[in-house]
Amino acid sequence: QVQLVESGGGLVESGGSLGLSCAASDDTFSRYAIAWFRLAGGKEREFVAAISMNGLRSEYAHSVEGRFTISRDNVKNEVFLQMDGLEPEDTALYYCAARPGFIRMRVDDFDTWGQGTQVTVSS
């Protein structure tokens, strides 16, 4: 099972940008679809974005489409989430998750999760 470690979270003002990274410690990383989810106070885990095994397909939640961009580097075994135009409602603990095969967007579709990185957007 692939293991994931997120990084890049922090505090940013409304309208600012952050870039998150998800590093995988598995030689078969390229066989996994990767997704980002987030957990905000008082809410359940929410789908944010996902990327296919070869990086050619991506999916986004409606709430972030046009503001966030997901990408991956299968040589470095990393997935990235570039977040622009951040809003206070984006404040959450962000997780990356992996599953073998095709893109899925449900929490229960993913086999393994990182520990999360906190993103806080001030108003």
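The shown structure was predicted, so the numbers you read here are calculated from the model rather than taken from an experiment.
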Please list, chain by chain and in numerical order, all residues satisfying side chain to side chain donor-acceptor pair (under 3.5 Å) with Thr28, sequence neighbours excluded. Asp26
Answer yes or no: is there a side-chain heavy-atom contact under 4.5 Å between Glu78 and Ser21? yes
Which heavy atom in Ser123 sits nearest to a heavy atom in Pro88, and how many Å separate them? CB-CG, 3.9 Å
With a 4.5 Å cut-off on side-chain heavy-atom distances among I, L, V, M, F, W and Y, is there a chain of contacts connecting Met105 to Met83? no
From OG (Ser7) to CD (Gln115), nearest 0.5 Å: 13.5 Å
Quick one: does any side-chain atom of Thr117 pair with a main-chain N or O of Gly9 as donor and acceptor, under 3.5 Å? yes
Hey, could you give me the OG1/CG distance between Thr120 and Leu93, rounded to the nearest 0.5 Å? 9.5 Å
Are Leu18 and Ile51 connected into the same hydrophobic cluster when the rule is that any two of I, L, V, M, F, W, Y join if their side-chain heavy atoms are below 4.5 Å apart? yes
To the closest 0.5 Å, what do you measure between CG (Leu86) and CG (Leu11)? 11.0 Å
List the steps, then state whether side-chain contact (heavy atoms from CB on, under 4.5 Å) holds for Glu46 with Ser63. CA-CA 10 Å; Glu46 174 189 23; Ser63 60; 3.8 Å; yes
Neighbour count above 12 (heavy atom, 6.0 Å) for Gln3 CD: no
Excluding sequence neighbours, so at least two apart, what forms ring pair (Phe, Tyr, Trp, His ring centres under 6.0 Å) with Phe110? Phe37
Test of understanding: with side chain to side chain donor-acceptor pair (under 3.5 Å), list the residues that count as partners of Asp108, not counting sequence neighbours. none
Donor-acceptor contact below 3.5 Å, side chain Thr112 vs main chain Val2: yes
Using the side-chain hydrogen bond (donor to acceptor under 3.5 Å, both in side chains) rule, collect all pairs that involve residues 81-98, keeping only residues at least two apart or in two chains. Ser17-Asp84, Arg38-Asp90, Arg38-Tyr94, Arg67-Asp90, Gln82-Asp84
Are side-chain heavy atoms of Leu4 and Tyr32 found at a separation under 4.5 Å? no
Is a side-chain donor or acceptor of Arg45 paired with a backbone partner of Leu39 at a separation under 3.5 angstrom? no
May I ask whether Phe80 and Val64 are part of the same hydrophobic cluster, defined by side-chain heavy atoms of I, L, V, M, F, W, Y residues being less than 4.5 angstrom apart, directly or through others? no
Single-linkage hydrophobic cluster Val119~Leu81, side-chain heavy atoms < 4.5 angstrom: yes
Gap between atom CG of Asp73 and atom OG of Ser30 - 0.5 Å precision: 11.0 Å
Sorted by chain and residue number, the salt bridge (charged side-chain N to carboxylate O under 4.0 Å, His left out) partners of Arg57 (sequence neighbours excluded) come out as Glu59
Check whether Val107 and Ile34 end up in the same hydrophobic cluster, where Ile, Leu, Val, Met, Phe, Trp and Tyr are linked by side-chain heavy atoms less than 4.5 Å apart. no
Check whether any side-chain heavy atom of Thr69 sits under 4.5 Å from a side-chain heavy atom of Tyr60, and report yes or no. yes
For Gly16 versus Val12, what's the shortest heavy-atom pair and its separation? CA-CG2, 3.7 Å
Test item: Glu13 and Val121 side chains (from C-beta on) under 4.5 Å apart, heavy atoms: no
Test Leu20 against Glu6 for side-chain contact (heavy atoms from CB on, under 4.5 Å), laying out the working first. CA-CA 7 Å; Leu20 306 183; Glu6 303 95 334; over 6 Å; no
What is the distance from atom CE of Met53 to atom CZ of Phe29, rounded to the nearest 0.5 Å? 12.0 Å
If a pair satisfies disulfide (SG to SG under 2.5 Å) and one of its residues is in residues 47-120, list it, with sequence neighbours excluded. Cys22-Cys96
Please round to the nearest 0.5 Å and tell me the distance separating atom CD1 of Ile103 and atom OG of Ser58. 6.5 Å
